[in-house]
Amino acid sequence: QVQLRESGGGLVQPGDSLRLSCVVSEGTFRDYAMGWFRQAPGKEREYVAAISIRGDFRYYADSVKGRFTISRDIAKNELYLRMNRLSAEDTAVYSCAAHLARDVHYVPRSSDYFVWGQGTQVTVSS
C-alpha cells in the first residue's frame, strides 16, 4: 500500500514563502498523478493543486493561482508545493494525495484520489 508523508510546514509571516514536500513510499511514484489539498479549521477541504504523471499538465485552485507551484521529482519519489506570497488565508493543514493513473497526462479530479498523507500544518501569522 502506497504511503505518503508530508514535511515542510511551519509558522511563517505574511508575504513569506514555503516549500512543502511529499515523499511517496511503498509504491511506484511514476504510476501516480499527485495532488495537494488543504483544510483550515471550520472549513471544507480545498483542492489546491495537481500534477500529471508526466508533469506536463497542472491544476491550480483560483485562490492560489500565480502564487503556488506544484512539481515532482521522479528520481526522488517526491512531490513539492512551492508557496509564495503567503497570507493568513493560506493557514491550513496541507495534505498530499495520490491517484493511480493510466494516462500520463491526466490531471485528477478532486474525487479521484485514493490515498492521502497525514498532513503538515502551515500557519501564516504576524
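The chain is numbered in sequence order, starting from 1. Below, each value reflects all heavy atoms present in this structure, side chains not excepted, and no hydrogens, waters or symmetry copies.
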Could you report the tightest heavy-atom contact between [X] and [Y], atom names first, then the distance?
| X | Y | value |
| --- | --- | --- |
| P108 | A33 | CG-CB, 3.4 Å |
| H105 | D103 | N-OD1, 2.9 Å |
| S17 | N84 | OG-OD1, 2.9 Å |
| S95 | W116 | CB-CD1, 4.5 Å |
| Q1 | E26 | O-CB, 3.1 Å |

For the hydrophobic clusters of this structure (ILVMFWY residues joined by side-chain heavy atoms under 4.5 Å, transitively), does one cluster hold both [X] and [Y]?
| X | Y | value |
| --- | --- | --- |
| I51 | V64 | yes |
| Y94 | V115 | yes |
| F37 | L86 | no |
| L4 | L100 | yes |
| L20 | V48 | yes |

Go through the side-chain N and O atoms of E46 and S63 and say whether any donor and acceptor fall under 3.5 Å apart.
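There is such a pair between these side chains.
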
Could you check W36, Y59, Y113 and say which one makes a side-chain hydrogen bond (donor to acceptor under 3.5 Å, both in side chains) with Y47?
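Result for side-chain hydrogen bond (donor to acceptor under 3.5 Å, both in side chains) with Y47: Y113.
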
Polar side-chain atom of [X] near backbone of [Y] as donor-acceptor pair, under 3.5 Å:
| X | Y | answer |
| --- | --- | --- |
| R30 | I74 | no |
| Q13 | S126 | no |
| R67 | R85 | yes |
| Y60 | I70 | yes |
| T120 | E6 | no |
| R72 | F29 | yes |

R45 CZ: over 12 foreign heavy atoms closer than 6.0 Å
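More than 12 heavy atoms, drawn from other residues, nucleotides or ligands, come within 6.0 Å of this atom.
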
Are more than 12 heavy atoms from other residues, nucleotides or ligands located less than 6.0 Å from atom CD of Q121?
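Above 12, so yes.
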
Can you measure from OG (S71) to CG (L79) and round to the nearest 0.5 angstrom?
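Reported value, rounded in 0.5 Å steps: 7.0 Å.
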
How far does CZ of R5 sit from OG of S25, to the nearest 0.5 angstrom?
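Reported to 0.5 Å precision, the distance equals 7.0 Å.
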
Relative to each other, are the rings of Y106 and H99 parallel, tilted or perpendicular (30° and 60° limits)?
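Y106 vs H99 ring planes: tilted.
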
Side-chain contact, heavy-atom cut-off 4.5 Å: R38 with D90?
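They are in side-chain contact.
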
So which of T91, V124, L18, T123 actually passes side chain to side chain contact (heavy atoms under 4.5 Å, CB included) with L11?
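Exactly one option meets the side chain to side chain contact (heavy atoms under 4.5 Å, CB included) with L11, and it is T123.
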
